[in-house]
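Quick note on labels: first sequence line is chain A, next is B, and so on, each numbered from 1. What you are looking at is a predicted structure, and each value in this text was computed from that prediction instead of being measured.
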There are 2 protein chains.
Amino acid sequence: MEEKLEALCESVQNADDVGGLQHATEGLRDHYGIAHIVYHWVNSVGERFGAGTYSQDWVDRYVEKDYLRMDPVILGCLQRFNPVDWKELDWSSRAARAFFREAVDFGVGNQGLSIPIRGPSGQFALFTVSDNSDDFTWATFIDRNMRDLMIVAHEFNKKALEFEQGGDSAPAPALSPRELTAMTYLAKGMNRAQAAKEMEISEHTLRVYIEAARHKLGALNTTHAVARALSRGLIVV
Amino acid sequence: MEEKLEALCESVQNADDVGGLQHATEGLRDHYGIAHIVYHWVNSVGERFGAGTYSQDWVDRYVEKDYLRMDPVILGCLQRFNPVDWKELDWSSRAARAFFREAVDFGVGNQGLSIPIRGPSGQFALFTVSDNSDDFTWATFIDRNMRDLMIVAHEFNKKALEFEQGGDSAPAPALSPRELTAMTYLAKGMNRAQAAKEMEISEHTLRVYIEAARHKLGALNTTHAVARALSRGLIVV
DNA sequence: ACCAGCCTCGCTATTTTGGGGGAGGGTAGA
DNA sequence: TCTACCCTCCCCCAAAATAGCGAGGCTGGT
């Protein structure tokens, strides 16, 4: 079993483009003998890409209908931390139920598990396994393979990150301690007067920090600067 | 080996407070025969807590000196995705090197590996293993145990999430599509006029969205609202 | 069928930010 | 050493955001 996992990880590691990941998902599907494996990834500039075994028809349909905006799997995972079984999601709306029926018609399994992972710059990835089976069979499958799947999901993420860094990487400008403190207070909702009082400096000085931070971050205004500082993991609210 | 991992995970699962996690870190340390295991967590409202085997002296010192703001492990992991060996971090500044020497003096290992994980609402967790050893021994240890450690780290996260939800959980307010779009444009640095033009609505209407978002997010001003929307994963820049 | 919530538009006055200048002392890295 | 960057303080004025009112049409869920 250990060796199998090793081989599966390697099939991901050996990918050198999105096509390679695609191939890896097919290998995984065959290995586990289930219906689908899908890896979906949003990079730090909001571009999406995916690799997986869903039929092209379904992918086209999904894009055409902009299902991304209402897919309970996506919406649910954006709010979660842990791997989530599709059954735990909110399918209560009419649109969601219709979407699910349509998905099953297009060959997506009636059972699914999605593992969400987040990166430091707004990256968001979803590793999904899906199959057609009853609740008990599915629960057994998950119980057996959850950990391996998490490891494999992680390999996918590593690969996706490599691809992104292969592109243009932002060098992440360093802010001075006072600048960071200032940005943190602003991110907490203070205005300049409050933040200055908190930092025990004049409002003028505070302004200097904010402007310095703005310039370093290439931001157009304070809100933008705070947003960038947050996205880049420079500060935490 | 498998059974050992199972037992370790259970020791985490059985924790029903932070003290329980503390106990679990001690068990892990003894199991692996290394110097330290530390789990550090920032929840969605910015409160931090930790469980681990560092000496109280070091923890006190760390807090007193506000090392959180300059600790290269924290700063580095805030920018990363994958588990990171401490050797890969940026120790070039004098302050960082002094910090490292001091840490070693306080019993922290000279080798370390930290696994960062992010949640949907700005939660950020760090699972760290540390020991005193040479590069080769450490590399071997990591190579052998990385995957198990990732699984264990995940158990910690699951537990931390439970604790948070047990307390007062922010119900994650849902923003309407237009509100989200508005917040996204603001996060990109547009002012109200530009965002309104982009959305093809009047500036007044845009203002309504911003205020609605502000109220839903409990934010004091626009910058705060954008910061919260970002930290909670509602928008991506 | 109804209600909640979304989307759209309007006004005025006050508060907060942003842009443009400077200036001097302190400290860490090359 | 010495240079670059950090920290701190000051002025004036234009531009932008916020607070407080309000109103009507449309859609989705119960």
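Using a 4.0 Å cutoff on non-hydrogen atoms, no part of residues 181-190 of chain A comes near DNA chain C. The stretch residues 193-215 of chain B touches DNA chain C through B:Ile201, B:Ser202, B:His204, B:Thr205, B:Arg207, B:Val208, B:Tyr209, each having a heavy atom under 4.0 angstrom from the strand. For the segment residues 89-99 of chain B, the set of residues with a heavy atom within less than 4.0 Å of an atom of DNA chain C comprises B:Ser93, B:Arg94, in numerical order.
Nearest nucleotide to the A:Arg192 side chain, out of C:dT17, D:dC7, D:dA16: C:dT17.
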Using the rule given for side-chain contact (heavy atoms from CB on, under 4.5 Å), can you reason through B:His224 versus B:Arg214, listing the C-alpha separation, both sets of side-chain angles and the distance that settles it, and then say yes or no? CA-CA 8 Å; B:His224 195 197; B:Arg214 272 221 330 263; over 6 Å; no

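Between the side chains of B:Asp90 and B:Ser92, at least one donor N or O lies within less than 3.5 Å of an accepting N or O.
Side-chain N or O atoms of A:Arg178 include one that pairs as donor or acceptor with a backbone N or O of A:Met199 at under 3.5 Å. With A:His36 contributing its side chain and A:Thr53 its backbone, the two residues share a donor-acceptor pair below 3.5 Å. Side chain of A:Asn145 to main chain of A:Phe141: a donor-acceptor pair is present (N/O by atom type, distance under 3.5 Å, no hydrogens or angles). For A:Arg207 (side chain) and A:Arg192 (main-chain N/O), no donor-acceptor pair under 3.5 Å exists by modelled atom type. Side chain of A:Glu211 to main chain of A:Val208: no donor-acceptor pair is present (N/O by atom type, distance under 3.5 Å, no hydrogens or angles).
For D:dC6, one of the phosphate oxygens OP1 or OP2 lies less than 4.0 angstrom from a side-chain nitrogen or oxygen of A:Lys216. Under 4.0 angstrom from either OP1 or OP2 of C:dC7 there lies at least one side-chain N or O belonging to B:Ser176.
The CG-C1' distance, from A:Leu175 to D:dC7, rounds to 15 Å in whole Å. Rounding to whole angstrom units, CG of residue B:Leu180 and C1' of C:dC6 are separated by 13 Å.
Comparing B:Glu179 and A:Asn221 against DNA chain C, the residue whose closest nucleotide sits nearer the 5' end is B:Glu179.
Between B:Phe106 and B:Trp58, the angle of the ring planes lies from 30° to 60°, which puts this pair in the tilted group. Using cut-offs of 30° and 60° on the angle between ring planes, the pair B:Phe163 and B:Phe49 is tilted.
In summary, of the residues considered (B:Asn132, B:Asp134, B:Asp135), a side chain to side chain donor-acceptor pair (under 3.5 Å) with B:Gln111 occurs for B:Asp135 alone.
Taking both residues in full, the closest heavy atoms of A:Ser133 and A:Asn110 are given as N-OD1, 3.0 Å, listed atom of the first, atom of the second, then distance.
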